[in-house]
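Reminder, nothing fancy here: chain letters follow the sequence lines and each chain counts from 1.
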Amino acid sequence: MPVQLLKIIEGQSEIPLPSHLQKENLKHLQEGCDHTNKYIQGVVTLSYPLTKLRDGKDFFKIVVQDSDNLGSQINSINVFIYGKMAEDCAKIIRQGETFIAAGFKVIKLPAAREDGRHDCHLEVSEEAGSVIYIYTKPRTTAASETASVSPKYVYTPLNRLKDGTVVNLYGIVKFFKPPYISKGTDYCSIVTLVDPSNVKLTCSLFSGNLDSLPKIYKVGDIVRFHRIKIREYNGQMQGITSGGFASLTFDGTIGAPVVPRTSSRVYTFMDEEQKTIEELRIWAASNISISGSATKLSDVQPMLFFDLTCQLVGKAKVDGSSFLLKVWDGTKCPYPTWKVPVEAKDLEGEKVLLHQLRNLAVDILVYDNHVQLAESLKIGSFLRIYSIHVKQASADNEDVSHMEFHLHGGTCYGRGIGLLPESNPDVKELKEFLESVNLTDRQNMESTCSMDIDSTFGNVTDLELHLQRCQQLSVTVLTDHQDLSTTELKTVTNSTAPQQYRIRAKLRTYKPQKLHQSVKLHCSKCKSLQEVPDRDDFDFILHGSASTAPNPELYNTSWYESVTWTTQEQKQREIAIHFVKHDEMLQHPEDTLIMIEGGTLKEIWKLTKRFKCVIPVRSTEDDLELLDLSAPFLLKGNVKYYGCKQCSTPKPMKNLSSIAAEQQPSWEPTEIAQVLGIELLQYVFIMKFTLVDETASLNAYLFDYEKFFQIPASEILTNNFLQEKMQMTMNTLCPPGRKLGELPWLECFIKSYNVRGAMENQVYYQIFDTTIAEDVV
DNA sequence: TTAGGATTCG
């Protein structure tokens, strides 16, 4: 982006200059000196008409005065601008504006000057790698003057596009293919956009210059396209690059700096554009799903496609149609991973580092059309590899299966490799994390996971080992009272309650068999248990509350800031989001608690992915209030938090401001519940275990928040992985289809207690201070 | 021109 138009607010540019650049005083300019990391700054005092040189090249001349050194004898200099840059500058430079150039060439004039101008002039051009920054002052008063300088662009909503037109538009990236080499002569990038009119537009963007395609890194990024051609294809509108196409790309995260990633040499970017981006971000937050948090190598699952942000540490040519990339992200893949055999001489990368990372780096084999791009990558660069296929496989000479990572040929689902700049926030975060990884510790502690150690188990399969272990040791362990001796079940059942025992028994069966049915909500105050409301209940309450429009009198108070909009759907719906402030400022979304009025289940669910906490509310005449307590009063991460209807006495929402005023608000559900007068219901597993030993059998209840399964009951309903883990645990405790003799032993603590029935007391048993053994599952 | 979103030969 060799020419940038920047906006100045209170004397400061919104976008700082690159930090490596240092200001050079005009006095110190000399021909032949190294000015690589220097820039000159001054006010444009004179500009000449744009002309053409004899070779047809554009030429533009200006005089720049160093306003910091007006008293100096030599305080201005001629600047000659060549080529495309001359044309661009001529369009936007006005007298009185601040001009900055870096990457200039200093040319000494044959004779000394006597007009206070420097005896050198500066030459700048795109070919010479020059960059020009023009600081513009806010153009509120001089409207007529502005018109010629920054043309007013008109942006077409995606539902108003017409065949055969060339338009400017904004959109939120819903899908994209990172630039790849097309079968023609250019790079190609496919981008599908959506905007608040809820219409999608898929664009095919071509360019011979990789740099002039939009720099999209993730779904949810926001783009501004200028001069994109609209055509009809298969009954739908389609965008395609046309002459003069230019784009800006912005991070779509609410609160992130509004700094354009640009592919054009000149662009305008003013308050109005900034406002548009901020509005689109808010719309996107509840209307675009982004696939949760990024997958790290430590979370990969077999049979899955995922995007990986990583650093390249090694690469090697494998054969004509495949190429190996060795990458890491600082985490360890929980499965053994394959190593693609390549000759040492073919492997490019730092040998010592590759050795240190042998258990952390993974091999990704890329195929076909991705090979050319992969070959060109530099070791050490940061990449996002899109849609890597995780494949479980097992070689003939291995007893355990391993994970393979493939980037198959083609570009389906955005499959491809994107190079991330060091300025990318995800790269910054990754770099910090990689630097914190202590390589020596990891090698010592985790080397048992590597393939070569696994193979020392010989021919015994994992499963057999596991079963052998289970028959000898208990699959559960006691967390306390280890000194107590074991009591036979017959003795337990023949004794009076209440008492506590250590027992050793087998789990013959358990209820419920459908594990999700074991999750209930428990009030620790009134001891009641209730079912977890299903999504229909919540949906119903939301529908009901959406019929009450947000009350504008409640917008923007001292402790929250409000944003509202009306949906475009047939039955218009008003939505208000209230962002709770901290120190009178908005926080990063991931730290922010928001309250929402009028949202649907889907919208609220999406907002929970972006924000720390979401509280659904509705307006009354004079305050916001919580919805009916059959709905969750708070959503945080994957968890819906409910309050007890009997024990809660809701207090004013304003009480949240006391948490917001804390130095670092943690927004803990318990604390939120407390200030809102809500008695928080706890998620709990309730199960009935039928335990047997050689002497007797008894039913014992498990009442567990987290300790027994080491899985939070609150998360099981929304996490497939945890559900699977729990099912696997139960399969270990009580393997289906096995005889009693083959079942593993459980060591448990149980306590007996009396429950008074209509006619007589009944004795019940409850498991406590027991947990699943560490090596089970 | 190229691609026109909608996973996989390896």
Residues of [range] with any non-hydrogen atom less than 4.0 angstrom from an atom of DNA chain B: list those, numerically ordered, please.
{"range": "residues 174-186 of chain A", "result": "A/F175, A/K177, A/Y180, A/S182, A/K183, A/G184, A/T185, A/D186"}
{"range": "residues 158-168 of chain A", "result": "none"}
{"range": "residues 408-417 of chain A", "result": "A/H408, A/G409, A/C412, A/Y413, A/R415"}
{"range": "residues 218-237 of chain A", "result": "A/R231, A/Y233"}

Between [atom2] on [N] and [atom1] on [X], what's the gap in Å once rounded to a whole number?
{"X": "A/K391", "N": "B/dG10", "atom1": "NZ", "atom2": "P", "answer": "5 Å"}
{"X": "A/I190", "N": "B/dT1", "atom1": "CD1", "atom2": "C1'", "answer": "14 Å"}
{"X": "A/F405", "N": "B/dT7", "atom1": "CZ", "atom2": "P", "answer": "22 Å"}
{"X": "A/F306", "N": "B/dT8", "atom1": "CZ", "atom2": "P", "answer": "17 Å"}
{"X": "A/W338", "N": "B/dG10", "atom1": "CH2", "atom2": "C1'", "answer": "8 Å"}
{"X": "A/H370", "N": "B/dG10", "atom1": "NE2", "atom2": "P", "answer": "15 Å"}
{"X": "A/L365", "N": "B/dC9", "atom1": "CG", "atom2": "C1'", "answer": "12 Å"}
{"X": "A/Y187", "N": "B/dA3", "atom1": "OH", "atom2": "P", "answer": "15 Å"}

Original post:
What is the minimum heavy-atom distance between A/C310 and A/I385, and which atoms define it?
Top reply: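 Nearest heavy atoms, A/C310 then A/I385: SG-CD1, 4.1 Å.
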Original post:
Closest heavy-atom contact between A/A374 and A/F323?
Top reply: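 Heavy atoms only, the tightest pair is CB-CD2, 3.6 Å.
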**OP:** Please check if any side-chain donor atom of A/D329 sits under 3.5 Å from a side-chain acceptor atom of A/T331, or the reverse.
**Re:**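 Yes, because at least one side-chain N or O of A/D329 sits under 3.5 Å from a partner of the opposite role on A/T331.
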Subject >> Short side-chain donor-acceptor distance under 3.5 Å, A/S125 and A/S130 >> reply: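 Short answer, no.
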Once you apply a heavy-atom cut-off of 4.0 Å, does [X] come out as touching a base, just sugar-phosphate, or nothing?
{"X": "A/D368", "result": "base"}
{"X": "A/I240", "result": "base"}
{"X": "A/S322", "result": "nothing"}

Would a distance-only check, ignoring hydrogens and angles, find a side-chain to backbone donor-acceptor pair under 3.5 Å from [X] to [Y]?
{"X": "A/Q238", "Y": "A/T202", "answer": "no"}
{"X": "A/H370", "Y": "A/G410", "answer": "yes"}
{"X": "A/D363", "Y": "A/K326", "answer": "no"}
{"X": "A/D221", "Y": "A/Y217", "answer": "yes"}

**OP:** Determine, using ring centers only, whether A/H406 and A/F305 are less than 6.0 Å apart.
**Re:**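 Judged by ring-centre distance (under 6.0 Å), A/F305 and A/H406 do not meet the cut-off.
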Original post:
Does any donor-acceptor pair link the side chain of A/S204 with the base of B/dG4 at a separation under 3.5 Å?
Top reply: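 Answer is no: no donor-acceptor pair is held.
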**OP:** Answer with yes or no whether A/H389 presents, from its side chain, a donor or acceptor under 3.5 Å of a partner atom in the base of B/dT7.
**Re:**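 A donor-acceptor contact between them is absent.
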**OP:** Check the geometry between A/Y367 and B/dC9 and answer yes if their rings are stacked (centres below 5.5 Å, planes below 30°), otherwise no.
**Re:**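 Not stacked by the 5.5 Å and 30° rule.
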Original post:
With centres under 5.5 Å and planes under 30° as the test, does A/F206 stack with B/dT1?
Top reply: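 No.
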**OP:** Taking only Lys NZ, Arg NE, NH1 and NH2, and the carboxylate oxygens of Asp or Glu, determine whether A/E432 and A/K428 approach each other closer than 4.0 Å.
**Re:**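 A/K428 and A/E432: not salt-bridged.
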Subject >> Salt-bridge contact A/D307-A/K218 (side-chain N to carboxylate O under 4.0 Å) >> reply: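 Salt bridge between A/D307 and A/K218, a charged N being under 4.0 Å from a carboxylate O: no.
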**OP:** Just grab all the side chain to side chain donor-acceptor pair (under 3.5 Å) pairs involving residues 407-416 of chain A, residues at least two apart or on different chains.
**Re:**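 Sorted result for residues 407-416 of chain A: A/K177-A/T411, A/H389-A/H408.
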**OP:** Step by step, work out the side-chain contact (heavy atoms from CB on, under 4.5 Å) result for A/F225 and A/L193.
**Re:** CA-CA 11 Å; A/F225 288 168; A/L193 304 178; 3.8 Å; yes
**OP:** Sort out for me which residue in A/W283, A/Y155, A/Y153, A/F250 forms a ring-ring contact (aromatic ring centres under 6.0 Å, His included) with A/Y170.
**Re:**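 So the option named by the test is A/Y155.
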**OP:** Kindly state each residue pair satisfying ring pair (Phe, Tyr, Trp, His ring centres under 6.0 Å) with at least one member in residues 172-199 of chain A, sequence neighbours excluded.
**Re:**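 Ring pair (Phe, Tyr, Trp, His ring centres under 6.0 Å) check on residues 172-199 of chain A returns A/F176-A/Y386.
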